[in-house]
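Only a predicted model underlies this, so the values are computations on that prediction, with no experimental measurement involved.
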Amino acid sequence: MKLSKTQIKEALSNISLPNEGQNIVESGAIKNIQIFGTDVELDVEIKNPTLQYKKKVEVECIKAIHDFVYEKAKVKVNLIVNAPEKTTQIKGNPIPGVKNIIAISSGKGGVGKSTITANLAVGLAQLGKKVGVVDADIYGPSMPIMFDLERAAPQAIEVDGKTKMKPLESYGVKVLSIGFFAQAQQAVVWRGPMASKALNQLIWDGHWDELDYLIVDLPPGTGDIHLSLVQSIPLTGAIVVSTPQLIALADARKGVNMFGMESIDVPVLGIIENMAFFSTDDMPNKKYYIFGKEGAKQLAQQMDIALLGEIPILQSIREAADAGRPAILQKDTIIAKSFINLAKNVAEAIDKRNTNIKPTQVVQTTHTKGCSN
């Protein structure tokens with residue numbers, strides 16, 4: 001049996017692609033038809049790159065030729081994806097009134113990242129800075145406890161005709177946390193996109209007013225929340241928290257490398273070594289290196305980044321966190337001095353970064369056209 005291009009076009013004119021007013025021939029989607037006896041090869045251009053859509057087009061083309069031309073024809077469909085170029089990103093503009101946005105990250109859980117965040121925020125406030133904290137640890141929000149705000153809830157306010165959340169304030173720090181919207185005993189079980197959306201709302205729907213620093217306490221690891229953050233806002237920089245032992249340092253290295261990826265390119269301001277040593281107020285020079293000695297310091301040297309602080313492990317830090325009163329408020333103690341020095345080092349690192357490096361750009365995830373068979 002001899003087949004013709006006219007027969008093939010007539011058969012294909014019975015097909016209309018989804019969301020297309022014309023049939024597949026009239027729309028110009030058929031780019032080429034080749035016939036070799038009873039073998040037919042088609043080049044079809046589509047705008048939807050999804051596997052489900054491509055399979056639907058392929059099946060309908062084959063079925064039309066079998067139904068209207070020759071049921072034993074061997075049909076090959078080459079799909080050319082010509083999707084319009086687009087950029088997918090969340091909100092990419094700086095937050096009005098916020099000068100610096102700092103992400104606090106850790107490669108693994110249990111290294112005291114949130115404790116560091118709370119005390120660093122209060123320390124910067126003690127230095128006369130305007131500070132806000134976003135508790136982006138969606139799966140384990142702890143800022144409501146650490147800032148003694150467990151039973152509090154932010155109020156809705158009208159700002160320029162839009163409804164915003166007014167952050168709660170404690171110890172001179174403005175705070176928003178997903179913990180304000182979930183009951184204390186309620187498990188927050190969200191998939192990545194839901195968690196990312198929640199983070200976006202905390203950042204953009206909060207009325208932060210004027211801030212020198214907005215500190216974002218991230219969940220541990222490297223995942224959806226981290227990528228969502230760098231897609232949402234241009235971070236001034238990131239800080240990685242680790243303890244001295246090798247297993248924590250291995251994960252901290254991954255965290256530093258994540259921010260340094262070419263596709264992310266967020267400056268790492270430095271590493272903070274938490275639980276660096278044990279000491280007492282009456283014998284401050286006697287140090288016990290419970291988790292190893294100077295592991296984060298060595299990692300910082302290896303990766304050519306700053307060691308911003310070495311925070312000791314003390315019972316008073318845990319007690320202060322549980323009581324909702326950050327340990328930096330314990331005046332004239334080892335821990336208070338350690339945290340205020342940390343705050344000074346972080347402020348200096350941010351100033352240095354802003355002097356020497358151009359502002360960070362938000363990550364843009366771009367989908368471009370391509371070909372698929």
Side-chain angles (χ1 to χ4, degrees), residues 102 104 106 109-135 137 140-152 167-175 177 179 211-217 239-244 248 269-291 293-294 296-297 307-350:
I102 311 301
I104 309 293
S106 67
V111 299
K113 170 182 54 59
S114 295
T115 300
I116 293 291
T117 298
N119 283 278
L120 172 60
V122 175
L124 290 169
Q126 289 182 349
L127 295 176
K129 306 299 183 180
K130 297 177 181 179
V131 185
V133 169
V134 171
D135 188 357
D137 194 345
S142 53
M143 292 303 156
I145 295 176
M146 292 187 175
F147 280 95
D148 195 23
L149 295 170
E150 275 189 278
R151 295 173 179 81
L168 299 177
E169 190 164 341
S170 181
Y171 309 117
V173 177
K174 295 179 179 180
V175 183
S177 169
L211 290 181
D212 294 302
Y213 305 107
L214 179 61
I215 302 175
V216 184
D217 182 32
I239 294 172
V240 176
V241 179
S242 180
T243 50
L269 300 173
I271 293 178
I272 298 172
E273 184 174 81
N274 194 28
M275 309 181 199
F277 57 87
F278 172 75
S279 187
T280 60
D281 288 324
D282 57 340
M283 298 181 65
N285 295 324
K286 183 67 173 177
K287 298 179 180 178
Y288 301 88
Y289 297 94
I290 299 173
F291 295 109
K293 186 177 180 180
E294 298 182 341
K297 180 179 181 179
L307 178 68
L308 296 171
E310 295 171 291
I311 307 301
I313 178 171
L314 297 173
Q315 181 177 335
S316 61
I317 301 176
R318 191 272 305 166
E319 292 173 343
D322 288 347
R325 184 175 171 80
I328 192 173
L329 298 171
Q330 302 167 8
K331 294 184 179 181
D332 299 323
T333 60
I334 293 174
I335 194 59
K337 294 175 182 177
S338 297
F339 277 127
I340 199 66
N341 285 335
L342 171 64
K344 291 177 180 178
N345 290 342
V346 168
E348 183 179 335
I350 294 170

Point to revise | Euclidean distance, K130 NZ relative to L211 CG, rounded to 0.5 Å | key: 8.5 Å

**Study point:** Side-chain heavy atoms of V216 within contact of T117, under 4.5 Å
**Key:** no

**Study point:** Heavy-atom check, side chain of R318 versus side chain of I313, under 4.5 Å
**Key:** no

Check your understanding: Any side-chain heavy atom of I102 sitting closer than 4.5 Å to one from L269?
Key -> yes

Practice item. Provide the closest heavy-atom pair for M143 versus D135 in the form atom of the first, atom of the second, distance. Key: N-OD2, 3.1 Å

Exercise for review: Please report the closest heavy-atom contact between A125 and V173, naming both atoms and the distance.
Suggested key: CB-CG2, 4.2 Å

Review point. Hey, what do you get for OG (S142) to NZ (K113), rounding to the nearest 0.5 Å?
Key: 7.0 Å

Practice item. Drop me the distance from L124's CG to I350's CD1, to the nearest 0.5 angstrom. Key: 6.5 Å

**Study point:** Test log, rule side-chain contact (heavy atoms from CB on, under 4.5 Å), inputs L342 and L308
**Key:** CA-CA 6 Å; L342 171 64; L308 296 171; 4.0 Å; yes

Check your understanding: Side chains of S177 and L168: closer than 4.5 Å at any heavy-atom pair?
Key -> no

Exercise for review: Starting at CG of L127, measure out to CD1 of I340 and round the result to the nearest 0.5 Å.
Suggested key: 4.5 Å

Exercise for review: Mind listing the closest non-hydrogen atom pair of P326 and M146 along with its distance?
Suggested key: CD-O, 3.5 Å

Practice item. Measure across A327 and F339 and return the closest heavy-atom pair with its distance rounded to 0.1 Å. Key: CB-CE1, 4.4 Å

Practice item. Evaluate the side-chain proximity of Q330 to I335: yes if any heavy-atom separation is below 4.5 Å, no if none is. Key: yes

Practice item. Take R325 and Y171 through the test side-chain contact (heavy atoms from CB on, under 4.5 Å) and record every step on the way to the result. Key: CA-CA 9 Å; R325 184 175 171 80; Y171 309 117; 3.7 Å; yes

Review point. How close do A121 and V133 get, heavy atom to heavy atom, and via which atoms?
Key: CB-CG2, 3.6 Å

Practice item. For the residue pair P312 and I334, establish whether any side-chain heavy-atom pair is separated by less than 4.5 Å. Key: yes

Review point. Hey, are D217 and S114 close enough side-chain-wise for a donor-acceptor pair under 3.5 Å?
Key: yes

Study note, to complete from the structure: In short, V111 meets S106 closest at the heavy-atom pair CG2-CB, 3.6 Å

Point to revise | Rounded distance (nearest 0.5 Å) linking atom NZ of K287 with atom CD of E310 | key: 7.0 Å

Practice item. State, with a plain yes or no, whether a side-chain heavy atom of E273 is found less than 4.5 Å away from one of P244. Key: yes

Exercise for review: Kindly compute the distance separating CG (N274) from CD1 (I317), expressed to the nearest 0.5 Å.
Suggested key: 6.5 Å

Review point. Taking everything shown except E348 itself, do over 12 heavy atoms lie less than 6.0 Å from its CD?
Key: no

